[in-house]
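Here the structure comes first, spelled out in structure tokens, and everything after it is commentary.
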Amino acid sequence: MKVLGALTAGLLVTGCATTGAPVPSTVRPPLIPIPTGTTGLDHVLGANAANLTRMFGPPVADIREGTARKLQFGNATCVLDTYLYPKGSAEPVVTYLDARQTDGSPIDRASCVGALQAGRRK
């Protein structure tokens with residue numbers, strides 16, 4: 001009986017021991033829900049800078065290189081890079097866009113557009 005008591009006490013102490021370093025927690029900002037319906041790339045592709053600003057608010061970056069222009073929009077969910085190029089003498093419009101989560105992970109471009117629009121409507 002004494003052996004059983006000693007064995008039980010030993011197991012209890014062993015269960016309290018820690019092994020290894022604590023796992024770091026990753027804190028992410030709350031996600032903005034993406035509404036269903038008319039959110040998508042079709043509203044962004046072909047848009048000019050004024051339309052983009054109406055859709056997403058002021059850009060966080062505005063970079064010009066020759067006749068090309070890059071406008072960057074972002075919120076707690078994602079970052080959207082829009083690339084505007086002129087066609088002939090017309091005003092530059094979005095011909096390509098790229099998206100990523102704020103930590104650099106990939107995200108669907110249409111989902112990012114929806115998240116930016118949802119954040120704008122708040």
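Heavy atoms only: backbone and side chains are in, while hydrogens, waters and symmetry mates are out.
Not counting sequence neighbours, the partners of Ile63 by the side-chain contact (heavy atoms from CB on, under 4.5 Å) test are Lys70. Asp108 meets the side-chain hydrogen bond (donor to acceptor under 3.5 Å, both in side chains) test with Ser111; sequence neighbours excluded. Judged as a side-chain hydrogen bond (donor to acceptor under 3.5 Å, both in side chains), and not counting sequence neighbours, the contacts of Arg69 are Asp62.
For residues 54-81, the ring-ring contact (aromatic ring centres under 6.0 Å, His included) pairs, not counting sequence neighbours, are Phe56-Phe73.
Side-chain atoms of Asn48 and Pro92, non-hydrogen and from C-beta on, never get closer than 4.5 Å to each other.
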When the side chains of residues 81-88 are checked against the rest of the protein, which donor-acceptor pairs come out under 3.5 Å, sequence neighbours left out?
{"from": "Asp81", "atom 1": "OD1", "to": "Gln72", "atom 2": "NE2", "distance (Å)": "2.7"}
{"from": "Asp81", "atom 1": "OD2", "to": "Arg100", "atom 2": "NH1", "distance (Å)": "2.7"}
{"from": "Thr82", "atom 1": "OG1", "to": "Leu71", "atom 2": "O", "distance (Å)": "2.8"}

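Think of Val93 as one node in a network of Ile, Leu, Val, Met, Phe, Trp and Tyr side chains linked at under 4.5 Å; it has no links at all.
Linking ILVMFWY residues whenever their side-chain heavy atoms come closer than 4.5 Å, directly or via other members, places Val113 and Val94 in the same cluster.
Here Leu45 contributes atom CG and His43 contributes atom NE2; the two are 11.5 Å apart, rounded to the nearest 0.5 Å. The distance from atom CZ of Arg109 to atom CG of Leu41, rounded to the nearest 0.5 Å, is 5.0 Å. The line from CD of Gln117 to CG of Leu80 is 10.0 Å long, rounded to the nearest 0.5 Å. Note that the SG atom of Cys112 and the CD1 atom of Ile107 stand 5.5 Å from one another [nearest 0.5 Å].
Listed for the Asn75 side chain is a donor-acceptor partner under 3.5 Å among the backbone atoms of Cys78. Listed for the Ser105 side chain is no donor-acceptor partner under 3.5 Å among the backbone atoms of Gln101.
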